[in-house]
Amino acid sequence: DVDTYQNVIGCWAEAARAGAPGAAKRATALLERMEGQCRPAGRGRPSFSSPAFGGGGDSFDFGGDDRRGQWPEEARSLSDAIDGCYNDDLVAPNRYVYNAVVAACAATARRQDGPSALRGAFGAYNGMIERGVAPSSETYALLLLCCSRLLPGEQEADQRIQLSRTVFEAACDSGKVNKRVLTQLKESNRALFNSYRPVPRHSLRLRDGH
């Protein structure tokens, strides 16, 4: 069920934080499984269309060379459980699952995995939009965290600034700007943070922390 998927994704977030190769990619692969079992609703905000990161995360084949013996034990056992219920067409990813995937991407500590993790994070956001799942303030905060953590170098500054601006503008348009979003904006785009002046409608849709 949805909770099982979310638990597995949480395990991969911990693995990504510990530097396990391909951990975020495996989290996005689980999301792709869930999305494959439901029909997109086809409504919501426009998706991010950055040429590099707007098209969704790389797919991952769980067969062949997945080397499950090297996976964290919790992720391996939960993934085996998921294999047994893969054809359950009642499973559909919700806001918390999408946020968990973006969080797993943001947690990526392995430098080599940064580009695929960034694609996965923005692909998860685009999946939310395609399926009519409303992003929360946490979604935007996590995407900004991805910008700062996965594009940390000076050579990536232009891309980090462009993406973080796009994310923050979407948060403003959605009325989901809160303290956490602003904290992550400060880390990813300090110039934009310093120039920002609060507007009531930018936080109009905040409710119960979402």
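All values below come from the heavy atoms of this structure, side chains included, with hydrogens, waters and symmetry mates left out. Everything numeric in this text was worked out from a predicted model, so none of it was measured. Index from 1, following the sequence.
- Atom OH of Tyr5 is separated from atom CZ of Arg33 by 6.0 Å, given to the nearest 0.5 angstrom.
- Partner Cys172 forms a side chain to side chain contact (heavy atoms under 4.5 Å, CB included) with one of Val167, Val177, Val181, Val199 and no other, that one being Val177.
- In this structure, CG in Leu151 is found 5.0 Å from CG in Leu118, a value given to the nearest 0.5 Å.
- The neighbour count for Gln155 CD, taken as heavy atoms of other residues, nucleotides or ligands under 6.0 Å away, is above 12.
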Discussion item. Between Val91 and Thr4, is the side chain to side chain contact (heavy atoms under 4.5 Å, CB included) condition met? List the steps.
Written reply: CA-CA 10 Å; Val91 174; Thr4 303; over 6 Å; no
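- With rounding to the nearest 0.5 angstrom, the NZ atom of Lys176 is 10.5 Å from the CG atom of Leu204.
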Item to complete: Please step through side chain to side chain contact (heavy atoms under 4.5 Å, CB included) for the pair Asn178 and Glu138, ending with a clear verdict.
Response: CA-CA 9 Å; Asn178 63 5; Glu138 182 66 8; over 6 Å; no
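- Sparse packing is recorded around CG of Asp158, with 12 or fewer heavy atoms of other residues, nucleotides or ligands lying under 6.0 Å away.
- Residues Ala106 and Leu145 approach most closely at CB-CD2, 3.9 Å, considering heavy atoms.
- Between Tyr196 and Pro198, some side-chain heavy-atom pair lies under the 4.5 Å cut-off.
- Separating the OG atom in Ser164 from the CD atom in Glu169 is a distance of 9.5 Å, to the nearest 0.5 Å.
- Between Ser148 atom OG and Leu185 atom CG the span is 10.0 Å, to the nearest 0.5 Å.
- Nearest heavy-atom pair across Cys105 and Leu150 is O-CD1, 3.7 Å.
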Practice prompt. Evaluate the side chain to side chain contact (heavy atoms under 4.5 Å, CB included) criterion for residues Ser136 and Asn99: first the C-alpha distance (whole Å), next the side-chain angles of each, then the deciding distance (0.1 Å), finally the verdict.
Written response: CA-CA 9 Å; Ser136 63; Asn99 284 354; 3.2 Å; yes
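- Grouping the Ile, Leu, Val, Met, Phe, Trp and Tyr side chains by contacts below 4.5 angstrom, directly or via other members, places Ile161 apart from Leu143.
- Smallest separation of non-hydrogen atoms from Arg110 and Gly19: CD-O, 3.8 Å.
- Taking each heavy atom of Gly114 and Thr108 in turn, the nearest pair found is N-CG2, 4.4 Å.
- The side-chain heavy atoms of Arg180 and Leu142, taken from C-beta on, include a pair separated by under 4.5 Å.
- Tyr125 and Tyr140 have tilted rings, their planes meeting at an angle from 30° to 60° on a 0 to 90° scale.
- Remark: of the listed residues Met34, Glu35, Met128, Met34 is the sole one forming a side chain to side chain contact (heavy atoms under 4.5 Å, CB included) with Val97.
- With contacts defined as side-chain heavy-atom distances shorter than 4.5 Å, the pair Pro135/Ile129 qualifies.
- Looking only at side-chain heavy atoms (C-beta outward), Leu30 and Arg26 stay at 4.5 Å or farther from each other.
- The minimum heavy-atom distance between Ala124 and Val102, with the atom names listed, is CB-CG2, 3.9 Å.
- Checking side-chain atoms of Asn7 against main-chain N and O of Asp3 turns up a donor-acceptor pair under 3.5 Å.
- The main-chain N or O of Glu156 is never found under 3.5 Å from a side-chain atom of Gln159 such that the two would form a donor-acceptor pair.
- Side-chain contact between Asn189 and Phe168 is absent, with no heavy atoms from C-beta onward closer than 4.5 Å.
- Contact detail for Cys147 and Phe122: the closest heavy-atom pair is SG-CZ, 4.2 Å.
- The closest donor-acceptor contact from the side chain of Ser116 to the backbone of Asp113 lies under 3.5 Å.
- Between the CD atom of Glu187 and the OG1 atom of Thr183 there is a distance of 8.0 Å, given to the nearest 0.5 Å.
- A donor-acceptor pair is defined here as one N or O able to donate and one able to accept, closer than 3.5 Å; no such pair exists between the side chain of Ser203 and the backbone of Pro200.
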Item to complete: For the pair Val8 and Trp12, evaluate side chain to side chain contact (heavy atoms under 4.5 Å, CB included) and give the outcome as yes or no after the intermediate values.
Response: CA-CA 6 Å; Val8 179; Trp12 284 121; 3.8 Å; yes
